[in-house]
Amino acid sequence: MKKWLSPALLIVTFALSAIAHYTHWNAVAQFLICAISVVFVAGFLGRATESVAHYAGQRLGGFLNATFGNAAELIIAIFLVKEGLYDMVKASLTGSIIGNLLLVLGASLFAGGLKYKVQNFNISLAGLSGSLMIVAVIALFVPAVFLNTHVITDSESDTLSLIVAGTLIVAYIAWLIFSMITHKDYLADVTEQKDQELPHEHAPIWSRNKSIAYLVLATVMVAFVSEWLVGTLEVFTVQFGLSELFVGAFLVAIIGNAAEHSAAILLAMKNKIGASVEIAVGSSLQIALFVAPVLIFVSYFMGNTMNIVFTTIELVAIAVAVFIAKSITQDGSTNWYEGLMLLVVYVLLGVSFFLV
Amino acid sequence: MKKWLSPALLIVTFALSAIAHYTHWNAVAQFLICAISVVFVAGFLGRATESVAHYAGQRLGGFLNATFGNAAELIIAIFLVKEGLYDMVKASLTGSIIGNLLLVLGASLFAGGLKYKVQNFNISLAGLSGSLMIVAVIALFVPAVFLNTHVITDSESDTLSLIVAGTLIVAYIAWLIFSMITHKDYLADVTEQKDQELPHEHAPIWSRNKSIAYLVLATVMVAFVSEWLVGTLEVFTVQFGLSELFVGAFLVAIIGNAAEHSAAILLAMKNKIGASVEIAVGSSLQIALFVAPVLIFVSYFMGNTMNIVFTTIELVAIAVAVFIAKSITQDGSTNWYEGLMLLVVYVLLGVSFFLV
Amino acid sequence: MKKWLSPALLIVTFALSAIAHYTHWNAVAQFLICAISVVFVAGFLGRATESVAHYAGQRLGGFLNATFGNAAELIIAIFLVKEGLYDMVKASLTGSIIGNLLLVLGASLFAGGLKYKVQNFNISLAGLSGSLMIVAVIALFVPAVFLNTHVITDSESDTLSLIVAGTLIVAYIAWLIFSMITHKDYLADVTEQKDQELPHEHAPIWSRNKSIAYLVLATVMVAFVSEWLVGTLEVFTVQFGLSELFVGAFLVAIIGNAAEHSAAILLAMKNKIGASVEIAVGSSLQIALFVAPVLIFVSYFMGNTMNIVFTTIELVAIAVAVFIAKSITQDGSTNWYEGLMLLVVYVLLGVSFFLV
């Protein structure tokens with residue numbers, strides 16, 4: 001009985017959410033049905049990611065999960081860029097980076113750490129990801145300092161933004177070549193090797209192709225449901241008088257990262273912490289090194305270049321998140337307290353954003 | 001003869017210091033007798049800590065030493081809060097953090113390193129302590145940035161300070177649970193394991209209960225003598241025209257941390273560097289994550305909430321101390337040059353504070 | 001035939017460059033002949049360094065290379081100090097530090113990494129160098145913050161600069177004692193040990209004394225040619241309207257570090273990455289901890305003390321370079337992508353300096 005219950009509930013709640021959204025039910029009803037639906041959809045996505053990870057390895061599985069998750073965010077952001085809402089774009093990029101590094105990673109390490117005393121992942125991957133996060137922070141920080149301490153024309157500022165964006169995209173493509181091709185085995189997960197020797201306890205339920213198809217489908221479903229959920233949230237935020245910055249950087253980011261979130265925690269609790277880290281850290285690297293630069297080029301081709309300069313508090317939030325995440329992941333060994341520290345920093349930032 | 005000489009000198013010099021203080025001898029005489037007394041008291045404390053560490057393990061011994069040392073500081077600070085001297089409280093908290101991380105830790109690594117080529121301690125403890133120091137810096141830094149870049153009401157600022165303080169206390173209690181209960185063995189000192197296998201060269205002179213009683217007694221004596229010594233210093237500082245910031249953050253902190261100082265150096269020279277690090281780093285973590293937040297709540301209950309926002313140079317001094325201490329401790333291996341680097345940074349900060 | 005061709009070309013192109021410079025050929029001709037000459041001279045220096053490293057060990061060889069390279073820079077800078085051109089001195093010190101940490105180190109890791117999948121060097125050396133770089137950043141950063149947030153007399157500012165400079169020189173001398181005497185073997189290169197066991201593939205072509213003489217000679221030649229090349233560059237920069245900051249911090253630094261540059265890359269491609277890192281990191285440490293402080297004392301004895309306070313963007317550039325270099329080197333293991341990350345940061349800084 002259980003076997004068909006979950007798919008049935010998945011489809012029914014998703015369909016109800018769609019109906020609620022497109023037939024404009026009242027906000028509370030929409031919110032409730034979408035919130036229920038997101039749980040099932042996220043669970044579906046988690047299983048699909050795990051199944052893909054079984055065939056493709058934890059790293060590629062994590063990368064695919066992060067990429068499909070960010071694809072949704074990229075699409076939403078392009079619409080915002082079209083309307084010239086650059087501040088909201090930057091707030092949501094900021095929220096996505098800190099949400100992945102602090103909330104998703106923190107919750108994964110915490111949940112995984114409650115079940116397993118110490119969890120390990122590839123230490124070289126930890127070091128390289130940390131360095132790459134520092135590069136991303138530098139790329140956002142240096143232009144901000146130069147533009148704040150020097151008078152510069154709009155055209156020079158655009159040129160700077162475009163060159164920085166181009167350099168980051170090159171760095172990201174090189175990272176994919178490095179991590180997926182030239183040094184794939186060097187970055188392989190420690191637990192993965194053991195997996196291949198032991199007979200598998202859980203053979204995956206789906207075939208390889210089915211797993212990939214389900215991963216795409218689940219990601220699209222998550223994108224839709226979270227989009228609808230965000231829509232209802234906006235009504236609430238007006239009622240409760242929340243600032244746009246807080247909504248953009250926290251509420252939208254939390255729900256918008258539901259895909260990464262659910263998959264990463266589920267994997268951590270199955271002791272596949274390498275895949276969790278790949279999802280959380282990989283997703284935030286993709287936002288900083290690929291999604292943000294692409295949006296700058298998109299804005300350029302639309303005729304009004306978006307500046308790469310973030311506000312001071314956005315920069316501080318990103319820098320702080322990168323610092324603590326790098327400090328915690330760099331030894332390739334995690335435990336529940338490290339997860340808690342990330343969550344503490346997330347709370348500190350959240351309270352500060354909320355009050356401002 | 002030696003056996004009773006030291007206790008006798010301890011008691012005589014302590015008694016003379018008390019008489020000098022309460023019968024108001026002149027400042028120079030008070031200073032001299034207290035300075036001599038502090039040497040004996042600190043030596044007593046060092047032996048008591050070592051003896052407790054023998055029974056309780058280096059980590060718990062270090063923790064008890066740091067806690068009793070900070071208890072004295074907390075009491076003094078509460079009196080300052082009562083009188084509303086918030087700037088002096090923050091200066092002395094700053095001085096205590098940088099004094100522990102740079103002077104106490106630096107002198108310990110240097111002294112230990114002159115005797116032993118390389119000293120090792122638990123690398124996981126090193127990594128976690130480093131991350132937790134970063135969390136503490138973030139907790140002080142984020143509110144400062146937000147309050148400096150945004151207009152905010154006093155009541156919002158109070159709320160922010162209280163929530164940050166509460167979060168830090170939760171993080172500190174969780175740290176104690178993690179390090180003393182769930183992952184105690186994971187953080188055990190490397191040399192401790194060897195100790196337990198070898199027959200002990202020096203059996204401790206005191207029984208377990210006597211050791212603990214002596215540790216409490218010694219800490220209380222150190223607190224009193226250092227308090228009296230600080231009292232005489234204030235007279236000197238007026239004579240020599242020193243700034244309050246320099247006195248609070250350096251002179252008071254150096255003498256106020258005499259307990260940690262003497263015990264940490266003595267343990268380092270006996271190759272128990274794990275206990276030294278626990279005292280120095282553990283003490284500064286306790287100041288940042290527990291003493292400072294508790295003072296904010298105390299001020300709140302007294303009706304005038306102390307803000308969590310430190311001055312720019314205090315923040316810079318703390319951040320700089322945390323950075324270099326983290327960088328030096330993170331490999332779990334120490335030598336004399338690493339101690340020297342910490343002392344160099346302490347000198348650089350001291351000169352800057354002195355001149356300003 | 002090949003055997004005498006290279007020395008002949010070395011001498012001929014060097015002689016031609018000298019003639020071009022002293023008989024004032026036109027700028028383009030001077031530039032071309034000097035640029036060709038620098039290739040041969042740098043190659044000569046690379047071989048001499050490698051030969052010295054064979055006799056003296058990779059670390060001492062790297063140190064000698066860095067020292068002779070910086071001697072030239074020190075001499076040029078003293079002339080600038082004499083003329084009171086302090087801004088240009090600081091720009092070229094900044095350029096030299098970031099050039100070594102990002103361009104020289106980046107190109108070495110990249111070139112070495114294309115040939116060898118992973119290259120390793122002593123992890124303790126990596127950790128200590130990283131910490132020492134942080135100390136250097138702190139020494140530049142703390143006075144800048146204090147002088148920016150407080151009113152201070154010129155005489156106090158001079159005192160602060162001299163004390164900081166003196167402290168750094170002490171720290172540098174202690175570092176030489178530590179790394180060359182007390183802990184020489186502790187910091188020995190990992191590959192060096194293997195070298196000593198295996199029969200050498202390439203016996204060095206020169207005797208020990210000849211190698212040292214050639215190293216000195218080659219360094220002097222590089223200093224002259226790069227000086228002449230810089231002279232022609234200034235003409236170009238006027239034509240192309242480049243800012244002095246960009247020229248000082250990038251063009252002059254790139255050519256002025258030709259010695260370190262060529263030797264470091266050649267060694268990396270022979271899998272002697274330890275010597276490469278020693279050259280690049282050791283050279284920038286020497287600039288920050290020895291050359292810069294010596295210049296402050298020189299300016300003091302010339303009667304007009306040079307301030308230790310660098311501009312905001314210089315400080316940011318140095319801090320950023322130190323951070324990413326430390327992050328990348330700290331695991332003692334390198335690959336092509338780590339080199340690329342350093343080059344990316346160099347490009348980001350270069351573009352920013354160029355546009356400002």
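Model, not experiment: these values are computed from the prediction. Note on naming: letters A, B, ... go to the chains in the order of the sequence lines (proteins, then strands), and numbering restarts at 1 for each one.
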>> Just so I understand: if I count every heavy-atom pair under 4.5 Å between each of C/Gly127, C/Ser157, C/Ala174, C/Ala171 and chain B, which residue has the most?
In response: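 Ranked by contacts with chain B, first place is C/Ala174.
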Atom [atom1] of residue position [X] - does it have more than 12 heavy atoms of other residues, nucleotides or ligands inside 6.0 Å?
| X | atom1 | answer |
| --- | --- | --- |
| C/Phe297 | CZ | yes |
| B/Phe141 | CZ | no |
| B/Asp87 | CG | no |
| C/Phe290 | CZ | no |

Side chain, backbone, both or neither: which part of [X] has a non-hydrogen atom closer than 4.5 Å to chain C?
| X | value |
| --- | --- |
| B/Val320 | both |
| B/Phe354 | neither |
| B/Ile328 | both |

Value rounded to 0.5 Å, distance of [atom1] in [X] from [atom2] in [Y]:
| X | Y | atom1 | atom2 | answer |
| --- | --- | --- | --- | --- |
| C/Ser124 | B/Glu338 | OG | CD | 8.5 Å |
| B/Ile324 | C/Ile138 | CD1 | CD1 | 5.0 Å |
| B/Leu348 | C/Phe146 | CG | CZ | 10.5 Å |
| C/Thr182 | B/Leu114 | OG1 | CG | 9.0 Å |
| B/Ser333 | C/Leu128 | OG | CG | 8.0 Å |
| C/Ile134 | B/Met341 | CD1 | CE | 10.5 Å |

Of the non-hydrogen atoms in [X] and [Y], which two are nearest, and what is the gap between them?
| X | Y | result |
| --- | --- | --- |
| C/Gly130 | B/Ser327 | C-OG, 4.4 Å |
| B/Lys117 | C/His183 | O-NE2, 2.9 Å |
| C/Val142 | B/Ser352 | CG1-OG, 3.4 Å |

>> Between C/Tyr186 and B/Val118, is there a side-chain heavy-atom distance shorter than 4.5 Å?
In response: yes
> At a heavy-atom separation under 4.5 Å, does C/Leu132 approach chain B through its side chain, its backbone, both, or neither?
Replying inline: both
>> Please classify the contact of C/Leu160 with chain B as side chain, backbone, both or neither, using a heavy-atom distance under 4.5 Å.
In response: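 Both backbone and side chain of C/Leu160 come within 4.5 Å of chain B.
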> Between B/Leu340 and C/Phe178, is a side chain to side chain contact (heavy atoms under 4.5 Å, CB included) present by the stated rule, with each step listed?
Replying inline: CA-CA 11 Å; B/Leu340 185 80; C/Phe178 176 84; over 6 Å; no
> What is the ring orientation for C/Phe323 with B/Phe323, classed by angle as parallel under 30°, tilted 30 to 60°, or perpendicular over 60°?
Replying inline: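 If you compare the ring of C/Phe323 with that of B/Phe323, the planes turn out tilted.
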> So C/Trp175 and B/Tyr337, would you call those rings parallel, tilted or perpendicular, with 30° and 60° as cut-offs?
Replying inline: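 If you compare the ring of C/Trp175 with that of B/Tyr337, the planes turn out tilted.
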> So which of B/Val344, B/Ile313, B/Leu355 has the biggest tally of heavy-atom pairs under 4.5 Å with chain C?
Replying inline: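 The option with the most such pairs is B/Ile313.
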